[in-house]
Amino acid sequence: MANATERLNERYNPREQEPFWQRIWSDRGTFTVTDPDPKDPYYVLEMFPYPSGRIHMGHVRNYTMGDVVARYQRAMGKTVLHPMGWDAFGMPAENAAMANKVHPRAWTYENIASMRKQLQSMGFSLDWSREFATCDEDYYHRQQELFIDFLEAGLVTRKTSKVNWDPVDQTVLANEQVIDGRGWRSGALVEQRELTQWFFKISDFAEELLTAIDGLDNWPEKVRLMQRNWIGRSEGLKILFEIAERKTGAKTVEVFTTRPDTLFGASFIALSPDHPLAGELAKSDEALAGFIADCRRMGTSAEVIEKAEKKGFATGLQVNHPVIDGARLPVYVANFVLMDYGTGAIFGCPAHDQRDLEFANAYGLPVLPVVLPPDADAESFVIDKEAYTGPGTAFNSGFLDGLEVEAAKDAIAARLEARTIDGKPQAVRQINYRLRDWGVSRQRYWGCPIPVIHCDTCGVVPVPKADLPVRLPEDVEFDTPGNPLDRHALFRDVECPECGAKARRETDTMDTFVDSSWYFARFTAPKADTPVIPEVANKWLPVDQYIGGIEHAILHLLYSRFFTRAMKQCGHLDVAEPFKGLFTQGMVTHETYKDANGAWVAPADVVISAEGGDRTAKHATTGEVISIGSIEKMSKSKKNVVDPDEMIETYGADTARWFVLSDSPPERDVQWTEAGIEGAWRFVQRVWKLVSDAVFVLETPNDVLVADDAASQEMLKASHRAVAQIGADFAALRFNRSVAQVYELTNAISRFLPQVAQEPSLTRLKALRVSVEHLVQMIAPMMPHLAESCWAALGHKTLVCDTPWPKVDQSYLVDDVVVLAVQVNGKRRGEISVPADASNGQIENAALSLDAVVRILEGQAPKKVIVVPKRIVNVVA
RNA sequence: GCGGGCGUGGUGGAAUGGUAGACACACAGGACUUAAAAUCCUGAGAGGGUAUCCUCGUGCGGGUUCGAGUCCCGCCGCCCGCACCA
């Protein structure tokens, strides 16, 4: 080892140190979990990445957070499972194939190789021996087994659903490929098409998925709320309306409503354009057929449909009002009524539903209020531009008059249930869910083939498990749009496994959400020749801490919750919930820059200078003036991306890790700044210098006697407090606070160190060693390489990552004197120092004798004195 | 459109309903240096008094409370999701 004086002048060199420690961790298999029966298992997982080719700062942030949790839990004595893999199927590979004539497989695996290298340079404590990609034959083989298990368990169904159809490219488009109603490549107006597709019956689990949210108490409340709303349980009434003049085959229209109490205020019926009755009427009504065709040019996403201008078409058909004798309601077809929800038909009560009101105003339909707000007057209450949706009592409503909303719902339900129409009860109480079944069919090549065969005589036949996997053929062409599997005769044309007749293989592949709905389970036994090994999976699952983006708050997490239940039903697992703890992190943002022509400029090409506080930007090479724009999520299109590779190259992984953990609360967006990364770099150097200086001092002889040891006491207090605080913050994933605590501890040691150097008593040297070792252990989960280097410099032969978390001495955490703020009428006027065990009376006396308090009270007795122990005193004058 | 979230100094942010601005970045002044970088020290929410005192202050407008950044109601702005992007 070099001598200490020499080391003082040495800067920390991450380029040397980081690969050195990474090699040691890897050679020793430090993070590889082999124990089939682990003690104190702890499973930490970050959402696995799509292999786009390069990691971005969002990945760095996500995986750094997970790594801190993993390393902290290891230090706490847990056996930590921390795996990594690749969400490797999906559209970008096919797009690359079309654009660059590369095979999706080659493109994907090349991307994986370069991203793996990048991730490895970050020094994450990952068990790389468990790595897999969802496009690995071995993985999708097991997924096909699961599909067949689900099929046999009745969890899978086939039904029709709508897709975006590009009439020029003759292909199905994803929602993101539809831009302003047109196909992204062809520019053709998109049409809706009905296709028969495969569905997982997630809606069978709606109630279970909803109620189980209550038990997910380590999930963010916002995500639980979003999932509840997404499932959208509503209690309502299904009402039959009798068609007044029979111009149709149907005698009735069935309507679902959650507000049957407003039935007396109904002024129209609206059908979805996809409603069978609408279709029937359109056969003899060209204008209606035209209207429906217009609606079908809208795309299939709920967002597009609901944002579109509300339009309706009067069919001329009328229905009898169920409870107002002789009254009839017109039947419209309306573009905002969704066939997927309820019965695909609604009754409109404009006074008490905003959308209905706008529709009624547009088409001149009557607006009759039937719910009277608590303080309103029945004579003068009118509805103008705002529908009233609050509580109240029924009026203008015949036998319902005077009833509160809930009572009125019951009364109308009871009345209609008792009647029959067309041989059926006129109304049925029903619980309805917004959640729809999960359509998993994709008309694409680069996905997991759906393992079934269609036979004219035997129908749908699952591929026998012995014949799995159904492999993706290699020899495919991407010259023409559409699914190459569909054109691949060898893949498509097969014999029926049951009767041996000519049959057709399913050419749809699975939604990539299927791949990511069970990968966390596969990680527990990644090489098993069954999807999972139940005993092993049950030991590790549920994932103790799952970390990923808020953008997955609903779909991915809900699908995974469903999949885990489905796997349980098929005997693969014994747990229902996949993720015990969930944390959703924010995005990484950066300033945007534009040149004089309005073109985006990358941060790497911009030089910022700050004079007095005004920041100006110039182009690094041309010197052109650059305008500084808003802060946005890093994206290729706006060029405001920072390449983690360059950061690691310049500053090292620890600096990048430290930066993404600093400042911003992890659930919020973090802004990447050059100043910030330099600050992080300086801190890395500062820690190294501090530890080097401390090592030098610790090596000095300790024969000086110092009587007053207050400094050591203060140092140890700060040190133990930091350990307690940082541990709590790591456990709660409040990394920004851990960072601030580390700064404080570093500052405290920096102040203490010269005192020790001056008078190196045994007590002081001990306190110094304890504090510096604590510091190194505190930074170890965040900056693991630097921590190992410091740990070695302190003379340890062990790895800091194998060292247990320090024990907190509780006696250092209590104060014997506390400072209380004193307020008068809620405004701070001073403070008092009192013993921690002072009585409320003593505190009150001390507060009232403060000069500022005496002055403001002007001799008057206070009305009240509120003493909050260890917090505050408020004098009410 | 619907559902969810966020909004605090020049900047990122801290704050179980209890001293708003911890910690950091940037900035300014000083020390060291031939000089610079690095490092160290000091200062700072705004306005006034220029002392250690006063007023205002957490997107805007109300409310609850002894006390509100925090809870409630109504706005404004930004962000996420909306079922075939992953």
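In the text below, chain A, chain B and the rest are named by the order of the sequence lines, each starting its count at 1.
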Legend entry - Results of salt bridge (Lys or Arg N to Asp or Glu O under 4.0 Å) for A/Lys222 - residues two or more places apart only: none
Inset, instruction - Just compare B/A14, B/G5, B/C84 and give me whichever is closest to any side-chain atom of A/Leu225. - result: B/G5
Legend entry - B/C84 versus B/C71 - spacing of their P atoms, nearest Å: 36 Å
Inset, instruction - Step through it carefully: locate the ring centre of A/Tyr139, locate the ring centre of A/Trp518, and say whether they are under 6.0 Å apart. - result: yes
Inset, instruction - Answer with base, sugar-phosphate or nothing: what part of the nucleic acid does A/Val876 contact at a heavy-atom distance below 4.0 Å? - result: sugar-phosphate
Inset, instruction - Would you indicate what A/Gln227 reaches in the nucleic acid, counting non-hydrogen atoms under 4.0 angstrom: base, sugar-phosphate, or nothing? - result: nothing
Inset, instruction - Could you tell me whether A/Arg355 and A/Glu358 make a salt bridge, using a distance below 4.0 angstrom between a side-chain N and a carboxylate O? - result: no
Under 3.5 Å, which N/O atoms of the protein pair with N/O atoms of nucleotides 19-22 of chain B?
from: B/U19; atom 1: O2; to: A/Arg828; atom 2: NE; distance (Å): 2.7
from: B/U19; atom 1: O2; to: A/Arg828; atom 2: NH2; distance (Å): 2.8
from: B/A22; atom 1: O2'; to: A/Glu744; atom 2: OE2; distance (Å): 3.1

Inset, instruction - Can you figure out which of B/A86, B/G5, B/C84 approaches the side chain of A/Lys222 most closely? - result: B/G5
Legend entry - salt bridge (charged side-chain N to carboxylate O under 4.0 Å, His left out) contacts in which one or both residues fall within residues 169-181 of chain A, not counting sequence neighbours: none
Enumerate all atom pairs, one protein N or O and one N or O from nucleotides 51-61 of chain B, separated by less than 3.5 Å.
from: B/C54; atom 1: OP1; to: A/Arg855; atom 2: NH2; distance (Å): 3.3
from: B/C56; atom 1: OP2; to: A/Lys827; atom 2: NZ; distance (Å): 3.1

Inset, instruction - Scan A/Ile305 against the nucleic acid and name what it touches under 4.0 Å (heavy atoms): base, sugar-phosphate only, or nothing. - result: nothing
Legend entry - Side-chain donor/acceptor of A/Asn874 to base of B/C66, under 3.5 Å: yes
Legend entry - Gap in Å between the two C1' atoms, one belonging to B/U65 and one to B/G12, rounded: 32 Å
Inset, instruction - Answer with base, sugar-phosphate or nothing: what part of the nucleic acid does A/Val742 contact at a heavy-atom distance below 4.0 Å? - result: nothing
Legend entry - Sugar-phosphate, base or nothing in reach of A/Gly439, heavy atoms under 4.0 Å: sugar-phosphate
Inset, instruction - Pick base, sugar-phosphate or nothing for A/Trp438, based on heavy-atom distances below 4.0 Å to the nucleic acid. - result: nothing
Inset, instruction - Using a 4.0 Å heavy-atom cut-off across all strands, classify A/Arg355 as base, sugar-phosphate, or nothing. - result: nothing
Inset, instruction - Name the closest nucleotide to the A/Ala302 side chain, picking from B/G18, B/A83, B/A86. - result: B/A83
Legend entry - Under the salt bridge (Lys or Arg N to Asp or Glu O under 4.0 Å) test, residues paired with A/Arg296 that sit two or more places apart: A/Asp274
Legend entry - Touch class at under 4.0 angstrom, heavy-atom based, for A/Val223 against every strand present: nothing
Inset, instruction - Give a yes/no answer on whether the side chain of A/Ser662 brings an N or O atom under 4.0 Å of OP1 or OP2 in B/A24. - result: no
Inset, instruction - Indicate whether OP1 or OP2 belonging to B/G67 is found under 4.0 Å from a side-chain N or O atom of A/Asn825. - result: no
Inset, instruction - For A/His556, report the nucleic acid contact type (base, sugar-phosphate, nothing); a contact means any heavy atom under 4.0 Å. - result: nothing
Inset, instruction - Mind checking A/Ile866 for me? I need base, sugar-phosphate or nothing, with any heavy atom below 4.0 Å counting as a touch. - result: base
Inset, instruction - Could you tell me whether A/Ser441 contacts a base, only the sugar-phosphate backbone, or nothing, with contacts defined as non-hydrogen atoms closer than 4.0 Å? - result: base
Legend entry - Whichever of A/Ile554 and A/Asn229 has its nearest RNA chain B nucleotide further upstream toward 5': A/Asn229
Inset, instruction - Would you mind telling me which of B/A14, B/G18, B/C84 lies closest to the side-chain atoms of A/Pro665? - result: B/A14
Inset, instruction - Let me see the working for A/Asp693 and A/Lys689 under salt bridge (charged side-chain N to carboxylate O under 4.0 Å, His left out), right down to the final yes or no. - result: CA-CA 6 Å; A/Asp693 289 353; A/Lys689 185 167 186 298; 3.3 Å; yes
Legend entry - Atom-to-atom span, CZ of A/Arg734 to C1' of B/C23 - whole angstrom: 15 Å
Inset, instruction - Nearest-nucleotide wise, let me know which of A/Glu306 and A/Glu678 is further upstream toward the 5' end of RNA chain B. - result: A/Glu306
Legend entry - Donor/acceptor link under 3.5 angstrom from A/Gln443 side chain onto base of B/C84: yes
Inset, instruction - List for me each residue that meets side-chain contact (heavy atoms from CB on, under 4.5 Å) alongside A/Lys864, sequence neighbours excluded, and say none if there are none. - result: A/Ile866, A/Val876
Inset, instruction - Figure out the CD1/P separation between A/Ile450 and B/C84, and round it to whole Å. - result: 13 Å
